[in-house]
There are 2 protein chains.
Amino acid sequence: MFDLTGKHVCYVADCGGIALETSKVLMTKNIAKLAILQSVENPQAIAQLQSIKPSTQIFFWTYDVTMAREEMKKYFDEVMVQMDYIDVLINGATLCDENNIDATINTNLTGMMNTVATVLPHMDRKMGGSGGLIVNVTSVIGLDPSPVFCAYSASKFGVIGFTRSLADPLYYSQNGVAVMAVCCGPTRVFVDRELKAFLEYGQSFADRLRRAPCQSTSVCGQNIVNAIERSENGQIWIADKGGLELVKLHWYWHMADQFLHYMQSNDEDDQD
Amino acid sequence: MFDLTGKHVCYVADCGGIALETSKVLMTKNIAKLAILQSVENPQAIAQLQSIKPSTQIFFWTYDVTMAREEMKKYFDEVMVQMDYIDVLINGATLCDENNIDATINTNLTGMMNTVATVLPHMDRKMGGSGGLIVNVTSVIGLDPSPVFCAYSASKFGVIGFTRSLADPLYYSQNGVAVMAVCCGPTRVFVDRELKAFLEYGQSFADRLRRAPCQSTSVCGQNIVNAIERSENGQIWIADKGGLELVKLHWYWHMADQFLHYMQSNDEDDQD
C-alpha cells in the first residue's frame with residue numbers, strides 16, 4: 001500500500017485525457033503538491049484541477065521530454081526549488097507516430113529514461129532524498145505485440161524492460177525508490193486521432209481501431225491511481241475495460257540459473 | 001527451414017566478435033552475396049571471410065545505424081546497386097553504454113527499426129521484392145530484465161516488441177518477409193570492455209560480469225546461423241551456453257479477447 005496523503009507528486013504528462021483524469025483523482029487524495037510537466041499549456045485544466053482541492057499546491061511547467069540530459073538536469077533543478085522534494089514521479093508522456101520512429105522512441109522510451117535518470121538522484125535515499133515511487137504509465141502493447149503499431153509497441157516493450165530492470169532489489173534496497181508500470185488497454189483517446197499503421201497493410205486495422213470499444217479516460221485514470229495505492233516495487237498492472245489486474249510476470253531465460261548462481265556467489269576463484 | 005544457398009545476405013554488424021563468427025559460418029553456406037555494413041573498416045576480417053569461400057561475393061560499406069531516414073534511404077539505394085536484391089537482413093549493431101541512454105537506444109532500437117523500414121520495401125513481395133527474412137540479433141536481457149544494464153535491457157525489450165509486432169500475419173501474409181530474433185546469452189565479448197551499470201549500486205555486479213562464465217563467440221555465431229536455418233516467421237530463439245532453444249512466447253493481455261473479436265469481425269454496426 002502506498003499512501004498518497006501529503007505527497008509531492010510530479011506528473012510528466014502528455015496532452016491526452018488519461019493524464020488529466022488521473023490528475024483529477026490524485027487531487028482527491030490530499031496530496032501536498034502536484035507538479036504538471038507538459039508539452040503545451042492548458043490553464044483551463046489546471047483551474048479545473050485546483051477547484052477539486054484548493055489546498056493542494058499545483059505547479060505547471062512546459063516540458064519537452066526529448067530535451068538533452070544536461071538541459072534536463074538544469075530544468076529539474078528549477079522544478080526542485082518549488083517542489084522541495086519529489087515522492088512520486090509519474091511518466092505519462094506518449095506519442096504514437098509510426099511514420100516517425102525517432103520521435104516515437106525518443107518520447108516514449110529515451111525521454112522517459114532520461115527523466116528518470118535526472119529525477120532519481122533527488123529521490124535516492126542515499127543521496128539525501130526520501131525514497132519514493134516511479135510510475136510508468138504505458139500500454140498493453142508494451143506487454144503483447146501490436147499488429148498495427150510496431151514502433152509504438154517497441155517503445156512500450158522498452159518501458160517494461162526498463163521498469164523491471166530498475167525495480168531490481170539491487171537498486172531498490174539501496175535507493176528506496178520503487179518502480180512500477182500501469183499498462184492501459186484501449187482507451188477513448190484514439191477516437192479523435194488519425195492513426196497510421198507501421199506498414200500500409202495494417203491501415204484498415206488502424207482505422208477500425210478508432211471505432212473499437214474502449215474504456216473511458218476517467219475510469220482508466222481512476223485505476224491508475226488505484227494501482228499506485230496498491231503497488232509494490234516491480235509490479236506491472238493492466239488497466240483495461242474498466243478493471244485493474246496485477247500482471248504475473250514471465251521469465252524466459254531458464255538457462256540463466258548457473259549464470260546467476262555465479263554472479264551471486266562470493267567465490268574468489270572466478271572462472272575466466 | 002530456410003535454405004541459405006544462393007542467398008543475398010546483408011549484415012548490419014557491430015565490431016564485436018559475434019558478427020564476425022556468424023559471418024564465418026554464413027560463408028560456409030554457399031550464399032551468393034554477403035554485404036557487411038559496419039561502423040569501422042576491418043579489411044583483415046573481410047579477407048579472412050573471403051578465404052573461406054572465394055566464390056561468394058563480399059561487399060563492405062561503413063554504416064552508421066543512427067543516420068537519418070532520408071540519408072539511409074539514399075545509402076541503401078547505393079547498396080542495392082551491388083546487391084540487386086536482399087534475401088536476408090541481419091541486424092546486429094549493438095551498443096551497451098548506460099551512461100549514454102540516447103546512444104544505446106538509438107543504436108540498438110531506433111537505428112535497427114529505421115534500417116528495417118528502409119530495407120523492407122526492397123524485399124516486399126508486393127513492391128517487386130521476393131520476400132525474405134529479417135533476423136534481429138539481440139540479447140537474453142531483451143526477454144528478462146537486467147539488474148545492471150537498465151537502458152540496454154530496455155532497448156532489447158524494444159527489439160523483441162518490434163520483432164513480434166512486425167511478424168504479425170497481417171504483414172507477413174502480404175509482404176512475404178519473415179521476421180525473427182536470436183537472443184544471445186552471456187558471450188565472451190564483455191571481457192575486454194569496461195561495463196558501467198545504470199546506477200553505481202550495480203557496478204560491482206557489472207565488474208563481476210566481465211569474468212563470468214560465457215559461451216564463445218564462435219559457438220554463438222554457429223547457433224545464430226542454426227536458428228536462421230530452422231526459423232519460421234515470428235520465432236524468438238535463445239542462443240546460450242552453447243545451445244539453442246526456441247522460446248515459447250508468453251501473452252499477457254488476457255482481457256484482449258473481446259477487443260480482438262471486435263477488430264477481426266466484419267460487423268458493420270460498430271460500437272462507438
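Ring centroids of A:F162 and B:F198 are separated by less than 6.0 Å, placing the two rings close together.
Checked by atom type and distance alone, the side chain of A:Y252 never pairs as donor or acceptor with a backbone atom of B:I238 at under 3.5 Å. Between the side chain of B:Y201 and the main chain of A:Y172, no donor-acceptor pair closer than 3.5 Å is present. A:D144 contributes no side-chain N or O that, together with a main-chain N or O of B:W251, makes up a donor-acceptor pair within less than 3.5 Å.
Heavy atoms of B:L120 lying under 4.5 Å from chain A belong exclusively to its side chain. Proximity to chain B (any heavy atom under 4.5 Å) is shown, for A:L143, by both the backbone and the side chain. Heavy atoms of B:L199 lying under 4.5 Å from chain A belong to its backbone as well as its side chain. Using a 4.5 Å cut-off between heavy atoms, B:K248 contacts chain A through its backbone alone, with no side-chain atom that close. The part of A:I105 that comes within reach of chain B is its side chain, from C-beta onward, which places non-hydrogen atoms under 4.5 angstrom from that chain.
No option in A:D168, A:L166, A:T163 other than A:L166 meets the side chain to side chain contact (heavy atoms under 4.5 Å, CB included) test with B:C150.
When all heavy atoms of A:W253 and B:G185 are compared, the pair lying nearest together is CZ2-CA, 4.5 Å. Taking each heavy atom of B:Y171 and A:G202 in turn, the nearest pair found is CE2-N, 3.8 Å. Smallest separation of non-hydrogen atoms from B:A151 and A:M113: CA-SD, 4.1 Å. For B:P147 against A:L170, the heavy-atom pair with the smallest separation is O-CD2, 3.3 Å.
At least one side-chain heavy atom of B:N106 sits under 4.5 Å from a side-chain heavy atom of A:N106.
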Verdict with reasoning, B:R69 to A:N100, per side chain to side chain contact (heavy atoms under 4.5 Å, CB included): CA-CA 9 Å; B:R69 267 291 277 286; A:N100 194 337; over 6 Å; no

Step-by-step side-chain hydrogen bond (donor to acceptor under 3.5 Å, both in side chains) determination, B:S146 to A:S165: CA-CA 5 Å; B:S146 162; A:S165 294; 5.3 Å; no

